[in-house]
Amino acid sequence: MSVVNDATRHARDAVVAAEGRVASLAAELAGIPGWLRVGTPERHADPGDAADAARAVALTPRLDRARRAAAQLRDRVEQAVGGPPSTTWAFLAFSDWLAGLPPAEPQRLLDELAVSPERLLTESGAMSVEKAQAILDYVAGNGGRVGDGQAFRVGVPLDDADLADLDATGVRLRSGAPPAVDWDVLLPVRLETRFTPPDPEAAPGDPAAGWRLRVRVEPDAPSLARHPGPVSAQDAELVAVCWSEASGDLAGDLGEAAHRKLAAAVGGGRADYLLRTVPVSRTDTGFTPSEAHPERPEPVTAPLVGLPATLEVWGGPADAPQRLLTLTPDLAAIALDTDLQRVAEPIDGETPRRWWNSYAAAVEVGLAGEIALGPDRPAFEVLLCLGHDEPGSGAATLFGTHADTGRVEPLAPLTPTTTLAGSPTTDLGSDPAPWWQAARDAPDDLGGLAPVLLGESSWPGVPRPDDALPRTARLLTQSLWPVLWQRTLKDVAGAGEEIWRLGEWAMRHLHPFGPYPVLRFGDLPFGVLPVAYYDRWVFRAPV
């Protein structure tokens, strides 16, 4: 048991070390004045400014790698808890894998190789083609097998990061997990339905002779992202004034006052977007925009529509729903008809019909359709809409655009998410304090939201969530578990030894306030919940 505990402790120590590196890199990046973190380093005439700007550019991918390493190491804790060290099993697994690879295909080795957190924490790049070929040459020259581990390491030769990549590959092969896991994001939609009873005068075989169901799919706020307004000359000048009054750094009282003034003029979210995207140059009296901007830029009115290429409506019994309708949304037409100006002026004295106020218009853009149900009176236990698209089809762009417009902000735990006497129960972006914090600090993963929603390690332009209450709740769970739930389950219910493993799980995964912060898109709150696809579930391989 001490070997198991040692493996668990080492895994946790590695997480602490990686998180410390993340904090150190984030602090170093945040310590570089904000005006040097936008634009390109080459635009700075002053060598010191150019060097700091180049350091900011170099720190960003290092911080990204460290965050991804910390996430992988947290997963490694899961593998270590309750089981023996995986090093030996990993060695056997990757040895068999290498023995089965063609000797002249190093790229296949690299394609199937897992990138270890140890590799991400180093400054070196990925394993080279030359190193992969050297591994295959060694195996081929050793009778088609890896053989002794130490001789293999010296004979190739392999450094610590190379060996860590092979070990990570062996662990993945041992577990049966796929080479890569793609995150799927399910965005909410609303379904509007209308049943039509059979027409007694319809001829047999005519769809009107049976029950029919009209369904309209209405995208919710997360699926429709407004584009940030283009930068005008006035916007750029306001940014230059902000940096001048802040002396080039948003930290401290001067920086807070300058940011508050900019936020009062354009809004907190807009202020952060401008500070991130408008480069400035230092002058004798302060700062000036580095690029020219139009006085009256052409506005972008059509939003970015984040719907998948195919929508399917399923319904029927809860345990056996059937696909009833397939829709192909026309994203360009949906975006065009989302503009309120399209219905501002009546046509022939009537309000124009668009997909959001007309079933017929929704059919034309691929958001509605009619389902023939047959002569029997229909009864649905479930009716749902599923969408699917190609991997990497734009979640990062969609949510990044939301952030650029300042419409995304985490809500503090226990914040009421409905109106009270017709008034909002939470600030809707008017308080500049969260946006000041987001503008001056290095972006982070926002409590795990960035990797889940964007597939990225950070989400720029979104204020950091308040984690004081969730952190306290986790500590209370860890401290109270043995004296409350554990004692009841073990001594009263007779749960036995399994209760210890359940306690380990609860101390890591029981989140009283939910696994992720609640987000607001505009004035609408949305929770982010994980969904498991149990048909693809991969269980830990037995030892």
Side-chain angles (χ1 to χ4, degrees), residues 1-18 20-21 65-66 68-180 538 540-543:
M1 193 65 185
S2 62
V3 175
V4 173
N5 291 336
D6 286 346
T8 305
R9 187 179 66 254
H10 290 324
R12 289 173 174 162
D13 289 347
V15 171
V16 172
R21 181 172 178 79
R65 288 165 63 92
R68 288 190 287 134
Q72 291 186 24
L73 289 169
R74 283 190 286 270
D75 291 340
R76 186 175 291 180
V77 172
E78 282 300 302
Q79 299 167 3
V81 171
S86 59
T87 305
T88 301
W89 303 109
F91 175 78
L92 295 175
F94 82 68
S95 295
D96 290 341
W97 167 63
L98 291 176
L101 291 177
E105 294 187 17
Q107 190 57 50
R108 177 176 168 183
L109 186 155
L110 296 177
D111 291 341
E112 298 179 11
L113 185 71
V115 179
S116 66
E118 288 83 359
R119 169 80 66 182
L120 294 173
L121 289 172
T122 66
E123 299 301 322
S124 62
M127 181 184 290
S128 65
V129 175
E130 292 76 17
K131 180 63 66 70
Q133 186 61 63
I135 292 173
L136 296 176
D137 290 344
Y138 180 90
V139 173
N142 196 42
R145 60 189 183 90
V146 171
D148 180 74
Q150 184 60 30
F152 171 62
R153 175 170 186 171
V154 174
V156 173
L158 301 171
D159 58 26
D160 291 342
D162 297 329
L163 202 58
D165 286 352
L166 291 171
D167 279 339
T169 305
V171 170
R172 190 195 69 214
L173 293 169
R174 176 72 182 174
S175 68
V538 177
R540 184 185 300 177
V543 176

Distance check, rounded to the nearest 0.5 Å: Leu158 atom CG versus Phe152 atom CZ? 5.0 Å
side-chain hydrogen bond (donor to acceptor under 3.5 Å, both in side chains) filter on Gln107, not counting sequence neighbours, yields Asp111
Is there a salt bridge (charged side-chain N to carboxylate O under 4.0 Å, His left out) between Arg119 and Asp160 once you walk through the steps? CA-CA 8 Å; Arg119 169 80 66 182; Asp160 291 342; over 6 Å; no
Ser128: partners by side-chain hydrogen bond (donor to acceptor under 3.5 Å, both in side chains), with sequence neighbours left out: none
Using atom types as modelled and distance alone, determine if a side-chain donor or acceptor of Asn142 lies under 3.5 Å from a backbone N or O of Gly144. no
From Leu121 CG over to Leu73 CG, what is the distance, rounded to the nearest 0.5 angstrom? 6.5 Å
In Å and rounded to the nearest 0.5 Å, what is the CE to CG distance from Met127 to Leu110? 7.0 Å
Strictly distance-based, threshold 3.5 Å: is any side-chain N or O of Gln72 a donor or acceptor partner for the main-chain N or O of Leu120? no
Is the shortest heavy-atom distance from the side chain of Leu109 to the side chain of Gln133 under 4.5 Å? no
How long is the span from the CZ atom in Arg172 to the CH2 atom in Trp97, to the nearest 0.5 Å? 7.5 Å
Value rounded to 0.5 Å, distance of CD in Glu112 from CD in Glu105: 9.5 Å
side-chain hydrogen bond (donor to acceptor under 3.5 Å, both in side chains) involving Arg65 - partner list, sequence neighbours excluded: none
Single hit among Thr169, Ile135, Asp162 for side chain to side chain contact (heavy atoms under 4.5 Å, CB included) with Leu113: Thr169
Mark yes or no for whether Asp165, through its side chain, and Ser116, through its backbone, hold a donor-acceptor pair below 3.5 Å. yes
